[in-house]
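Here's the structure, in structure tokens; my notes come after.
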Amino acid sequence: MDNNNNDEVVIIGAGICGLATALALYRKGIKSVVMERSESLRNTTGTSIITWQNGWRALEQLGVAETLRRTAVPIQTEQVVWLNEGKQEESPVNHEFRGLLRKDLINSLYNALPPDTVKFGCQLESIKMDLDTNKPVIRFINGTSITPKVVIGCEGGNSIVANFLNVKPTKLTSLCVVRGLTNYPNGHSFDRKFTRFHKNNIIVGRYQRDDNMVFWFCVHPYIPKDRRNWDDPEVIRRSTMKLLNDFPPEVQSMIEKAESNSLSYIRIRYRTPWDLFMGTFSKGTVTVAGDAMHIMGPFMGQGGSAGLEDTVVLARNMARLGLNGERKITVQGVEEAFKIYVKERRMRVVQLSLQTYLTGLIFGASSSTTKVLYFVLLSVLFRNSNGHIDYDCGVL
Ligand SMILES: Cc1cc2nc3c(=O)[nH]c(=O)nc-3n(C[C@H](O)[C@H](O)[C@H](O)COP(=O)(O)OP(=O)(O)OC[C@H]3O[C@@H](n4cnc5c(N)ncnc54)[C@H](O)[C@@H]3O)c2cc1C
């Protein structure tokens with residue numbers, strides 16, 4: 001068995017959450033190593049994420065907010081356009097709200113880490129507990145294995161670490177999303193607005209990164225047994241344009257001119273709010289964070305921010321409880337820290353995922369009666385629909 005004493009804290013996955021966890025721990029003086037299955041940093045995709053005030057608070061704690069703000073302009077107005085009804089509404093945005101290129105976020109987190117923190121080409125195959133040492137044994141597909149003191153699974157919705165914790169499998173919704181970026185070399189005229197166009201069961205969202213670049217997404221129902229090759233950007237473009245042939249010309253032209261390498265298609269996956277409420281998210285010195293814990297639909301643009309919040313809470317508790325007088329990791333301390341981390345995060349992610357789930361049900365509902373029913377339920381349960389943005393994950 002290959003073992004390396006430096007690998008006491010192992011994080012699986014170098015996505016947003018894995019890198020942010022390593023950075024949060026580093027800022028608290030805890031060394032970790034991140035094992036990523038890809039051969040290089042996954043910073044080439046053109047996707048973007050909306051980041052609200054709660055996410056920026058976490059980025060502040062991680063020390064990367066200022067750098068990221070330089071390239072992500074604030075969005076000042078929310079606009080909803082109902083094409084069937086021919087009406088629209090606008091409201092001012094009273095909190096920090098920006099669109100971030102995923103690769104900018106990944107690069108900032110990665111660049112703030114000490115060199116060699118991330119090991120590429122390391123795909124986790126399995127994890128089990130060594131009953132003699134009570135340490136987790138993690139095995140990679142290249143046949144190597146290590147027995148670190150601590151394992152934090154940040155490997156997204158298909159998490160092997162979450163399976164080890166016996167968390168119920170994630171589910172697919174009846175919706176899918178196409179995303180892309182469109183560059184307007186001579187500038188666009190969309191102002192600093194986040195606009196959503198609704199028509200039947202289709203939603204197109206648009207927001208700007210800067211005066212030239214616009215992010216957009218299109219949520220639409222999944223067609224069972226769809227045989228199209230959604231890995232081909234031109235298939236994505238043609239299919240989306242066909243779907244939106246009665247949307248305003250500015251929307252169609254945005255899709256037509258989108259950068260090919262930015263186009264992506266994904267079916268929406270989620271962990272149910274009740275599985276989050278009931279699930280066991282830590283066992284000894286093993287836990288999960290980010291999508292591995294609470295993958296949710298993109299309807300409120302909160303999945304990534306919730307993962308960033310996790311990392312601050314996790315590192316804070318680990319630094320407070322998981323180190324001895326010589327600042328060395330203690331198994332008992334980390335176990336206690338993870339229990340508190342899960343306790344602190346549970347109701348936050350249950351609420352976020354429930355609100356997201358109900359919002360998704362409204363988008364996907366086939367009849368207006370069910371839409372109204374879900375809307376009433378959502379309004380009763382979440383009187384302040386923006387309350388989740390006020391959340392503060394606290395100081396690192
Ligand atoms: C369409 C869409 C739109 C979204 N919009 C927003 C938004 O606007 N705002 C927002 O905040 N969030 C948004 N999200 C959610 C956000 O993208 C995710 O919550 C976030 O990317 C999760 O980060 P993560 O690091 O937890 O997981 P991931 O990004 O999935 O990263 C997991 C990493 O683990 C690696 N990995 C996987 N398996 C293994 C293994 N076995 N061994 C080693 N490495 C492994 C992967 O290669 C990857 O690098 C959106 C999601 C979708 C699908």
Side-chain angles (χ1 to χ4, degrees), residues 10-23 33-45 47-56 58-59 72 75 97-103 105-106 109-110 118-127 138-142 151-164 170 172-173 175-180 194 203 205 207 215-220 263-271 288-311 349 352-353 356 360 388-389:
V10 170
I11 296 164
I12 310 293
I16 296 170
C17 188
L19 294 172
T21 303
L23 182 56
V33 62
V34 183
M35 303 296 199
E36 165 60 42
R37 70 176 168 194
S38 306
E39 293 299 332
S40 59
L41 200 57
R42 292 177 60 241
N43 60 355
T44 50
T45 56
T47 53
S48 69
I49 64 166
I50 295 171
T51 311
W52 308 82
Q53 181 172 284
N54 55 307
W56 285 102
L59 290 169
I75 295 161
F97 174 28
R98 299 169 196 253
L100 256 184
L101 262 186
R102 190 178 183 281
K103 67 177 177 192
L105 178 53
I106 292 277
L109 295 168
Y110 182 76
V118 183
K119 294 190 179 166
F120 295 102
C122 300
Q123 180 168 347
L124 179 71
E125 185 181 57
S126 65
I127 169 167
I138 55 176
R139 187 178 169 82
F140 297 90
I141 56 162
N142 62 8
V151 177
I152 305 168
C154 298
E155 25 30 319
N158 279 325
S159 168
I160 292 169
V161 182
N163 288 348
F164 162 80
T170 57
L172 283 167
T173 68
L175 296 168
C176 43
V177 192
V178 170
R179 285 185 286 180
F194 175 39
I203 300 160
Y207 52 100
F215 303 132
W216 56 265
F217 60 84
C218 170
V219 180
H220 58 92
L263 291 168
S264 68
Y265 164 95
I266 194 163
R267 273 197 76 186
I268 299 172
R269 202 169 259 291
Y270 69 106
R271 208 179 281 297
V288 278
D291 276 13
M293 184 197 266
H294 47 66
I295 187 167
M296 59 185 84
F299 314 114
M300 294 184 357
Q302 280 289 348
S305 291
L308 293 170
E309 293 169 4
D310 291 345
T311 71
V349 294
L352 268 184
S353 79
T356 300
H388 59 279
I389 296 166

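Just so you know, ligand 1 is whichever comes first in the structure, and atom 1 is the first atom listed for that ligand. Any value given below was found using the heavy atoms of this structure, including those in side chains, with hydrogens, waters and symmetry copies removed. Sequence positions, counted from 1, serve as the residue numbers for this chain.
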(request) Taking the side chain as every heavy atom from C-beta outward, state whether Tyr207 and Phe217 have any pair of such atoms under 4.5 Å apart. (result) yes

(message) Tell me every residue that passes side chain to side chain contact (heavy atoms under 4.5 Å, CB included) with Ala306, counting only those two or more places apart in sequence or in another chain.
(response) His294, Met296, Arg345, Leu352

(message) For a quick check: using heavy atoms under 4.0 Å, what are the residues in contact with ligand 1, sorted by chain and number?
(response) Ile12, Gly13, Ala14, Gly15, Ile16, Cys17, Met35, Glu36, Arg37, Ser38, Arg42, Ile49, Ile50, Arg102, Cys122, Gln123, Leu124, Cys154, Glu155, Gly156, Ile160, Val177, Arg179, Ile266, Gly290, Asp291, Pro298, Gly301, Gln302, Gly303, Gly304, Ser305

(message) When you compare the side chain of Ile16 with that of Leu105, does any pair of heavy atoms fall below 4.5 Å?
(response) yes

(request) Not counting sequence neighbours, which residues clear side chain to side chain contact (heavy atoms under 4.5 Å, CB included) with Ala162? List them please. (result) Ser159, Val167, Arg271, Val288

(request) Return the set of residues passing side chain to side chain contact (heavy atoms under 4.5 Å, CB included) with Ser305 (not counting sequence neighbours), or none when no residue passes. (result) Thr51, Asn54, Gln302

(request) Find out whether Leu124 and Met35 are in side-chain contact, i.e. whether some heavy atom of one side chain is under 4.5 Å from a heavy atom of the other. (result) no

